[in-house]
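To start, the structure under review is shown below, and the notes come after it.
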Amino acid sequence: MDAMYELIIIGGGPAGVAAGVYAARKKIKTLLIAEEIGGQSSVSAEIQNWIGTESISGFELAKSLEGHLKAQKEIEVIEDDRVNALESNGDSFTVKTKNGKEFNTKTVLVASGSRHRRLGIPGEDEFYGKGVVYCATCDAPIFQGKTVAVIGGGNTGLESAIDLMQYADKIYLLTHSDSINGDVSTHDQLTESDKVEVILSAEPREIIGDTFVKALKYADKKTGDIKELKLDGVFVEIGTVPNTDFVKDILELNKYGEIVVDHKTQRSSVEGIWAVGDASDSLYKQNNISAGDAITATLNIYDYLITEK
């Protein structure tokens, strides 16, 4: 086991990288552990809301984040590994990874993100980033003048359809239930638009395409008929799952599995552990917000370490 770190950052998305850069500048003895650098947006064809950059691909953003992080001389980075256990030792913590490594640290920043809840149907993985997307706020502008489907009848699905109304020519909103479950006011906005067609009792079966999405097959749950929609994109909006299983026994989580934090400092329910981004109960799941919250957390960690010293 290596010597004691002052901080271990768990996660390599925009939040983890922002924390790493600030930790290095504060000369905090830091280790960052991530499966890869870049986060969920690395598969996006185009990102238009990363502040300071008019347009950038997910691949380019990931490379930019990686370059900025690895230019810091005061931080160690371990890639191709994932934290699967976090244990408290009273005044320190032990971080364990899937590759069998263990590290001791005085503080921990959980920036492990989340994973999209998937449909689990043929074509979803194949066309991920090629028409299958999971964030309308991020990717709606790419579908200017296109025909798309939004899967999900809750608030997230309805809000995604609202975002898409500014860009897409035609939007199919599919829900597995026989009614829309989101807010009535948002539902009314959709039904008033001639761009949106709501399809109830629909069970997605297959996403079809060649180099890009071309169609979606779904079953009418009432009749059993298989139907097909010709379209250019599929927005999967059935929720996300935070990557917090490894802290569920030591930290307070909300009903969604998100880490409950003090939003002034990003501190968790356990002294010495902070959480940011999609792993936390942050209201908005956005790259820019996650990075900002990570900087807040890192500055607070620095103050905490200085006080402890």
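If you read the sequence from its start, that first residue is 1, and numbering goes on from there.
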Legend entry - Thr94-Asn104 side chain donor-acceptor pair, cut-off 3.5 Å: yes
Legend entry - Contact list for residues 274-295, test ring pair (Phe, Tyr, Trp, His ring centres under 6.0 Å), sequence neighbours left out: Trp274-Tyr304
Inset, instruction - Tell me yes or no: between the side chains of Asp81 and Asn99, is some donor less than 3.5 Å from an acceptor? - result: yes
Inset, instruction - Please report the shortest heavy-atom distance between Leu190 and Ala161, naming the atom on each side. - result: CD2-CB, 3.6 Å
Legend entry - Residue list, salt bridge (charged side-chain N to carboxylate O under 4.0 Å, His left out) with Glu197, at least two apart or on another chain: Lys170
Inset, instruction - Return yes if a side-chain donor-acceptor contact under 3.5 Å exists between Tyr5 and Glu76, otherwise no. - result: yes
Legend entry - Donor on one side chain, acceptor on other, His263 and Asp293, under 3.5 Å: no
Legend entry - Ile121 reachable from Tyr172 in the ILVMFWY side-chain graph, under 4.5 Å edges: yes
Legend entry - side chain to side chain donor-acceptor pair (under 3.5 Å) against Asp210, all qualifying residues, sequence neighbours excluded: none
Inset, instruction - May I have all residue pairs that pass salt bridge (Lys or Arg N to Asp or Glu O under 4.0 Å) and include part of residues 223-244, sequence neighbours excluded? - result: Asp220-Lys227, Glu228-Lys230
Legend entry - Test: Lys130 cationic atom under 6.0 Å from Phe212 six-membered ring centre, within 45° of axis: no
Side chains of residues 140-152: which donor-acceptor pairs under 3.5 Å do they make with residues two or more places apart or in other chains?
none

Inset, instruction - Ignoring hydrogens and angles, state whether a donor on the side chain of Thr175 or Ser177 is under 3.5 Å from an acceptor on the partner side chain. - result: yes
Inset, instruction - Could you pull out the closest heavy-atom pair between Lys106 and Met4, with the gap in Å? - result: N-SD, 3.7 Å
For residues 242-253, please give each side-chain donor-acceptor pair under 3.5 Å, one per line with the distance, not counting sequence neighbours.
{"from": "Asn243", "atom 1": "OD1", "to": "Arg115", "atom 2": "NH1", "distance (Å)": "2.7"}
{"from": "Asn243", "atom 1": "ND2", "to": "Ser112", "atom 2": "O", "distance (Å)": "2.9"}
{"from": "Thr244", "atom 1": "OG1", "to": "Gly257", "atom 2": "O", "distance (Å)": "2.6"}

